[in-house]
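Comments concern the structure below.
Numbering of residues begins at 1 and proceeds along the displayed sequence.
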Amino acid sequence: MSQELFQTPLFGGAITASLPKDQFMDVSEFRQVPDNQEVFVHSESEDSFIIEILEFIDAPDAQALRTHYDELSQDNGSIDTKIINEIQLDPIPGIDKRHAAYCLVGQQTAAKFNKASNSDFSTLSLIMVLIRLYDINTDLLITVNYPNLSSPLDQKLCSVIQIANSIRILDWSLFN
């Protein structure tokens, strides 16, 4: 997989990540985004990339990832969820404090636009990467949503892991 990536400042430059060049638009340029999130949407599809700073879930790592997945499923009003794969990742090179990284590939079936009265359900494929920052009791969660999956999920998984491995935390005061 070869796609041109560019380093993107996140959270005011405290974190950086490499995203595909000219493919994702920063949602904060056209709507309000919570301070604990950075949200990007694909310029030609409904795919989205979200990185969140979240409260550390006091549970074993794999269970913490499933908890975040279940919370998203509940927020989406999913009527069916499926975990396809879970992977423990190698440490992220750009994070110089004690951490662990885990990946989950899943699918959720929910009403379009999260409207309970809507009988038009669709399946959302998603990939989550949870980076557990133990020393500061913080979960850094990357979620990439694919509402209309057009290429093999394995190819998407490689791209998301590449993005996760590009994360660099430059200013730890962000978490204070």
Mind checking whether Pro147 and Asp47 have side chains closer than 4.5 Å, heavy atoms only? yes
Could you give me the CA-CA distance, side-chain angles and deciding distance for Ile95 and Leu133, then say whether side chain to side chain contact (heavy atoms under 4.5 Å, CB included) is met? CA-CA 9 Å; Ile95 300 177; Leu133 303 171; 3.9 Å; yes
If two hydrophobic side chains count as joined below 4.5 Å and joins carry through other members, does Leu130 share a cluster with Ile163? no
Met128 and its side-chain contact (heavy atoms from CB on, under 4.5 Å) partner, picked from Val144, Ile83, Asn145, Leu65: Leu65
When hydrophobic residues are tied together by side-chain contacts of less than 4.5 Å, even through go-betweens, does Leu10 share a cluster with Phe175? yes
Is Ile161 linked to Leu126 within one hydrophobic cluster, defined over Ile, Leu, Val, Met, Phe, Trp and Tyr using a side-chain heavy-atom separation of less than 4.5 Å? no
Between Asn36 and Glu52: side-chain donor-acceptor atoms closer than 3.5 Å: no
As an exercise, state the distance from CG of Asn76 to OG1 of Thr81, rounded to the nearest 0.5 Å. 10.5 Å
Whether Ser78 side chain and Asp80 backbone form a donor-acceptor pair below 3.5 Å: no
Could you tell me if the side chain of Ser18 sits less than 4.5 Å from the side chain of Thr8, heavy atoms only? no
Between the CG atom in Asp75 and the CD atom in Gln108, the distance rounded to the nearest 0.5 Å is 9.5 Å
Distance only, no hydrogens: is a donor on one side chain within 3.5 Å (strictly under) of an acceptor on the other, for Tyr102 and Asp61? yes
Check: Ser122 and Thr109 side chains under 4.5 Å, non-hydrogen atoms: no
Any non-hydrogen side-chain atom of Ile15 less than 4.5 Å from a side-chain atom of Glu38? no
Apply side chain to side chain contact (heavy atoms under 4.5 Å, CB included) to the pair Leu54 and Thr138, showing each step before the final yes or no. CA-CA 6 Å; Leu54 298 171; Thr138 299; over 6 Å; no
Can you tell me how far apart CD (Glu46) and OH (Tyr146) are? Round to the nearest 0.5 Å. 14.0 Å
Show your reasoning for whether side chain to side chain contact (heavy atoms under 4.5 Å, CB included) applies to Leu153 and Ile84. CA-CA 10 Å; Leu153 201 50; Ile84 297 168; 4.0 Å; yes
Can you measure from CD1 (Ile92) to CD1 (Ile167) and round to the nearest 0.5 angstrom? 6.5 Å
Assess whether a salt bridge exists between Arg98 and Asp135, defined as any Lys/Arg side-chain N lying under 4.0 Å from an Asp/Glu carboxylate O. yes
Cut-off 3.5 Å, side chains only: do Trp172 and Asp96 have a donor facing an acceptor? yes
Checking Tyr69 side chain against Lys82 main chain: does a donor-acceptor pair fall under 3.5 Å? yes
So if you build clusters from Ile, Leu, Val, Met, Phe, Trp, Tyr with side-chain heavy-atom gaps below 4.5 Å, do Phe6 and Phe49 land together? yes
Nearest heavy-atom pair of Pro91 and Asn165: which atoms, and what distance? O-OD1, 4.4 Å
Parallel, tilted or perpendicular, as decided by the 30° and 60° cut-offs, for the rings of Phe24 and His42: perpendicular
Value for CZ (Phe11) from CG (Leu170), rounded to nearest 0.5 Å, stands at 13.0 Å
Taking atom types as modelled, is there a side-chain donor on Thr16 or Gln7 under 3.5 Å from an acceptor on the other? yes
Do the side-chain N and O atoms of Asp171 and Ser173 include a donor-acceptor pair separated by under 3.5 angstrom? yes
Do the side chains of Val129 and Leu157 join up, straight or via other hydrophobic residues, at under 4.5 Å, putting them in one cluster? yes
Can you tell me how far the CD atom of Gln37 sits from the CG atom of Leu141, to the nearest 0.5 Å? 9.5 Å
Between Asp139 and Phe56, does the side chain to side chain contact (heavy atoms under 4.5 Å, CB included) criterion hold? Intermediate values first, please. CA-CA 5 Å; Asp139 284 343; Phe56 190 85; 3.3 Å; yes
When you compare the side chains of Ser125 and Gln107, does any donor N or O come within less than 3.5 Å of an acceptor on the partner? yes
Show your reasoning for whether side chain to side chain donor-acceptor pair (under 3.5 Å) applies to Asp26 and Ser28. CA-CA 5 Å; Asp26 184 345; Ser28 68; 2.8 Å; yes
Only one of Gln63, Arg132, Arg66 forms a side-chain contact (heavy atoms from CB on, under 4.5 Å) with Ile57, so which one is it? Arg132
